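Read through the structure below, which is laid out as structure tokens, and then see the notes.
These numbers come from a predicted model, not from an experiment.
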Amino acid sequence: MPWEITAEELLARYADGERNFAGIELIQSEGVPLDSSIDLEGAILRDINLRGAYLRQADLCRADLTGADLFGVSLEGAWLKRAIVRDANLYSANLFWCDLTEADLRGTDLNHINASRATFCGANIDSFSYAILAHTNFRSADVSEINICRFGNLIWETTMPDGTIKSGPFFGEF
């Protein structure tokens with residue numbers, strides 16, 4: 001059963017030195033409409049453990065998640081525009097409809113992610129494998145087309161860094 005916490009509670013406990021928030025479900029604060037984003041914009045959450053957390057529709061724009069453990073996290077519909085997610089663990093993360101425009105993902109484990117309909121425009125990415133990249137947008141991203149179209153990744157209507165679209169569906173060859 002998930003442990004429910006608001007963004008304000010998370011930030012206060014993090015400021016007090018707590019780092020383990022594995023399995024939380026981020027919920028909206030009282031009085032805020034349920035369909036609004038959950039505001040963590042610009043938050044500094046270095047080395048936080050959010051393993052298996054449910055962060056649907058979280059606004060993490062410009063947040064610093066350097067060294068964060070985000071293994072299996074659900075960031076469905078979340079915003080991470082210009083976020084710093086360096087040297088983090090996003091293994092097996094759900095990034096469905098996630099906006100990672102201009103995010104810094106260097107050194108981050110992006111293997112086995114579901115990035116269907118995710119946006120990585122202008123993002124810095126090393127590589128990933130066995131990822132679902134259906135309708136994913138890499139326009140102007142700092143990642144090679146070879147790294148996108150290899151390593152067992154599922155490619156389907158995927159926009160490459162140069163703006164071309166790989167129709168697919170096909171699995172990237174090694």
Side-chain angles (χ1 to χ4, degrees), residues 1-133 136-138 141-143 147:
M1 180 164 169
W3 163 36
E4 294 181 344
I5 188 171
T6 66
E8 294 82 11
E9 290 174 286
L10 174 73
L11 293 172
R13 291 170 74 166
Y14 183 88
D16 285 341
E18 190 172 343
R19 297 294 180 265
N20 188 2
F21 297 92
I24 66 160
E25 179 177 348
L26 200 57
I27 59 170
Q28 201 57 267
S29 301
E30 273 191 53
V32 178
L34 292 176
D35 59 346
S36 298
S37 65
I38 298 173
D39 187 15
L40 286 168
E41 185 174 351
I44 297 173
L45 299 170
R46 293 172 155 256
D47 300 313
I48 193 168
N49 178 357
L50 288 166
R51 233 173 209 260
Y54 186 72
L55 307 175
R56 184 174 184 271
Q57 293 186 321
D59 181 349
L60 290 155
C61 294
R62 293 184 303 283
D64 185 350
L65 292 159
T66 302
D69 187 355
L70 302 163
F71 178 97
V73 71
S74 179
L75 286 161
E76 183 179 327
W79 296 273
L80 284 102
K81 292 180 181 181
R82 296 186 192 101
I84 302 168
V85 194
R86 264 188 239 138
D87 303 317
N89 181 9
L90 271 167
Y91 185 93
S92 195
N94 180 8
L95 304 176
F96 180 76
W97 277 106
C98 192
D99 188 345
L100 294 126
T101 300
E102 297 179 14
D104 185 352
L105 298 160
R106 290 176 288 182
T108 294
D109 185 347
L110 294 166
N111 297 315
H112 295 266
I113 60 172
N114 173 14
S116 299
R117 299 203 178 271
T119 302
F120 291 92
C121 295
N124 292 305
I125 304 165
D126 290 334
S127 67
F128 37 83
S129 63
Y130 299 102
I132 301 170
L133 306 174
T136 305
N137 190 345
F138 290 98
D142 186 16
V143 62
N147 282 337

> Under 3.5 Å, side chain of Thr136 to main-chain N/O of Ala115, donor-acceptor pair present?
Replying inline: yes
>> Looking at every heavy atom in both Arg56 and Ile38, which two are closest together, and how far apart are they?
In response: O-CD1, 4.1 Å
> side chain to side chain contact (heavy atoms under 4.5 Å, CB included) between Ile5 and Arg13: does it pass, once the steps are laid out?
Replying inline: CA-CA 10 Å; Ile5 188 171; Arg13 291 170 74 166; 4.1 Å; yes
> Between Thr66 (side chain) and Arg46 (backbone), is there a donor-acceptor pair under 3.5 Å?
Replying inline: no
>> I want to check something: taking the side chain as every heavy atom from C-beta on, are Cys121 and Phe138 in contact at a cut-off of under 4.5 Å?
In response: no
> Quick one: does NZ or CZ of Arg19 land under 6.0 Å from the six-membered ring centre of Tyr14, within 45 degrees of the ring axis?
Replying inline: yes
> Of the non-hydrogen atoms in Ala22 and Asn20, which two are nearest, and what is the gap between them?
Replying inline: N-OD1, 3.1 Å
>> Check the orientation of Tyr91 and His112. Use parallel for under 30°, tilted for 30 to 60°, and perpendicular for over 60°.
In response: tilted
> Does any N or O in the side chain of Asn111 come within less than 3.5 Å of the main-chain N or O of Ser129, such that one atom is a donor and the other an acceptor?
Replying inline: yes
>> With a 4.5 Å cut-off on side-chain heavy atoms, are Thr119 and Leu100 touching?
In response: no
> At what distance, to the nearest 0.5 angstrom, does CZ of Arg82 lie from CD of Glu41?
Replying inline: 10.0 Å
>> Going by side chain to side chain donor-acceptor pair (under 3.5 Å), name the residues that satisfy it together with Arg51, two or more places apart in sequence or in a different chain.
In response: Asp69
> Taking Ser92 for the side chain and Phe71 for the main chain, is one N or O donor matched with an acceptor at less than 3.5 Å?
Replying inline: no
>> Testing the basics here: between Ile132 and Ser116, what is the closest heavy-atom pair and its distance to 0.1 Å?
In response: CG2-OG, 3.3 Å
> Of the non-hydrogen atoms in Ala63 and Leu40, which two are nearest, and what is the gap between them?
Replying inline: CB-O, 4.2 Å
> Should Ile48 and Leu65 count as side-chain neighbours, where that means a heavy-atom distance under 4.5 Å?
Replying inline: yes
>> If I compare all heavy atoms of Ile24 with all of Leu55, which pair ends up nearest, and what's the gap?
In response: CD1-CD2, 4.2 Å
>> Can a donor-acceptor pair be found, under 3.5 Å and without considering hydrogens, that links the side chain of Asp16 to the backbone of Glu18?
In response: no
>> Just so I know, are the side chains of Ile27 and Glu25 near enough to count as touching, which here means a heavy-atom distance under 4.5 Å?
In response: yes
> With a 4.5 Å limit on heavy-atom distance, are the side chains of Phe21 and Leu10 in contact?
Replying inline: yes
>> Tell me if a side-chain donor or acceptor on Arg106 pairs with a main-chain N or O of Asp126 at a distance below 3.5 Å.
In response: no
> Less than 4.5 Å apart, any side-chain heavy atom of Asp109 and any of Leu90?
Replying inline: no
